Amino acid sequence: MISKNRKLQISCDGGAATGKSTGAKLIANKFKLKFLSSGLLYRYAGYVLIKYKPKKRIFFLKQKFSKLKYKNLNKMNLYTPEISQYSSIIAKNYKIRKILKNFQIKFATKNKNCCIEGRDISTKILPKSDVKFYFRCNLNIAALRRYKELKKKDKKINLKDVKKALRIRNNHDTKRKNSPLLKHRDAIEIDTGKLNKKAMLKKMTKHVNLTIGNKYGI
Ligand code: C5P
């Protein structure tokens with residue numbers, strides 16, 4: 001737990017379906033930090049652009065995000081293959097990234113003790129975060145994981161397509177010009193293909209405790 005006058009910010013980055021959301025949620029819960037998945041913001045932006053097809057996309061998104069209550073995103077189904085793919089296309093757009101960056105910065109300013117996960121959190125959104133994690137996972141394992149989640153809602157889904165979609169999305173995210181997915185030099189690597197949830201949380205907790213110890217001298 002983090003006491004009142006201490007500040008703790010954690011950033012988590014990684015490729016698609018690497019388990020970064022699970023890891024980030026576990027560590028946020030353990031240290032009572034407010035949690036934000038920035039991927040959900042990109043998915044929401046993709047969703048509203050597909051749904052409303054606005055002519056003035058930037059103006060429209062600015063309005064949508066000024067009214068957005070993050071909590072409501074969890075109730076929406078934003079993990080469809082269509083939204084996944086489209087969100088990674090619009091994520092290349094500098095102006096769209098700027099709107100979502102503002103939303104994330106406001107969140108981190110309001111919630112001093114927070115954990116945000118995404119692609120550019122350690123490099124662009126919270127470069128001063130106390131602990132940085134970088135999630136990795138073998139593509140076959142990541143694909144199987146995402147396939148099992150999607151299969152619950154869509155019986156026709158097949159593993160080969162899921163794997164291909166993840167590969168394409170990771171390519172978009174690592175090769176784009178604006179804020180590509182990068183491993184920050186201070187980031188601690190978490191390989192979720194090799195660690196189960198318990199071992200992952202243990203490793204993350206160890207690093208967070210070390211940081212708190214160094215920062216506050218305990
Ligand atoms: O993390 P998730 O897979 O839900 O993210 C969906 C997409 O949103 C990613 O493929 C990526 O293109 C984009 N994204 C991003 N920067 C972030 C988080 C997500 O570009 N910080």
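Position 1 is the first residue of the sequence; numbering continues from there. All ligand and atom numbering here is 1-based and tracks the order in the structure. Here the structure is a predicted model, which means the values were calculated and not measured.
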Report task. Sorted by first residue and then second, give each side-chain hydrogen bond (donor to acceptor under 3.5 Å, both in side chains) pair with at least one member in residues 9-25; sequence neighbours left out. Result -> S11-S122, S11-S129, D13-S122, S21-E117
Query raised in the report: Okay, side chain of N111, backbone of C114: is any donor-acceptor separation there less than 3.5 Å?
Result: no
Query raised in the report: With sequence neighbours left out, which residue pairs that include part of residues 149-208 fulfil the ring-ring contact (aromatic ring centres under 6.0 Å, His included) condition?
Result: none
Report summary line: Here the ring-ring contact (aromatic ring centres under 6.0 Å, His included) pairs for residues 85-134, sequence neighbours left out, are F65-F103
Pairs under 3.5 angstrom, nitrogen or oxygen on both sides, ligand 1 versus protein: list them out, please.
residue	atom	partner	partner atom	Å
ligand 1	1 (O)	K20	NZ	3.3
ligand 1	1 (O)	R119	NH1	2.9
ligand 1	3 (O)	R43	NH2	3.3
ligand 1	3 (O)	R119	NH2	3.1
ligand 1	3 (O)	R169	NH1	2.9
ligand 1	4 (O)	R43	NE	2.7
ligand 1	4 (O)	R43	NH2	3.3
ligand 1	10 (O)	R119	NH2	3.4
ligand 1	10 (O)	R169	NH1	2.8
ligand 1	10 (O)	D173	OD2	2.7
ligand 1	12 (O)	D173	OD1	2.6
ligand 1	12 (O)	D173	OD2	3.3
ligand 1	16 (N)	R97	NH2	3.0
ligand 1	20 (O)	R97	NH1	2.8
ligand 1	20 (O)	R97	NH2	3.4
ligand 1	20 (O)	R176	NH1	2.9
ligand 1	20 (O)	R176	NH2	3.0
ligand 1	21 (N)	S38	OG	2.9
ligand 1	21 (N)	R119	N	3.0
ligand 1	21 (N)	D120	OD1	2.9

Requested in this report: For the residue pair D130 and I10, establish whether any side-chain heavy-atom pair is separated by less than 4.5 Å.
Outcome: no
Query - Closest approach of M204 to G23 (non-hydrogen atoms, all atoms of both residues) - result: CE-O, 3.6 Å
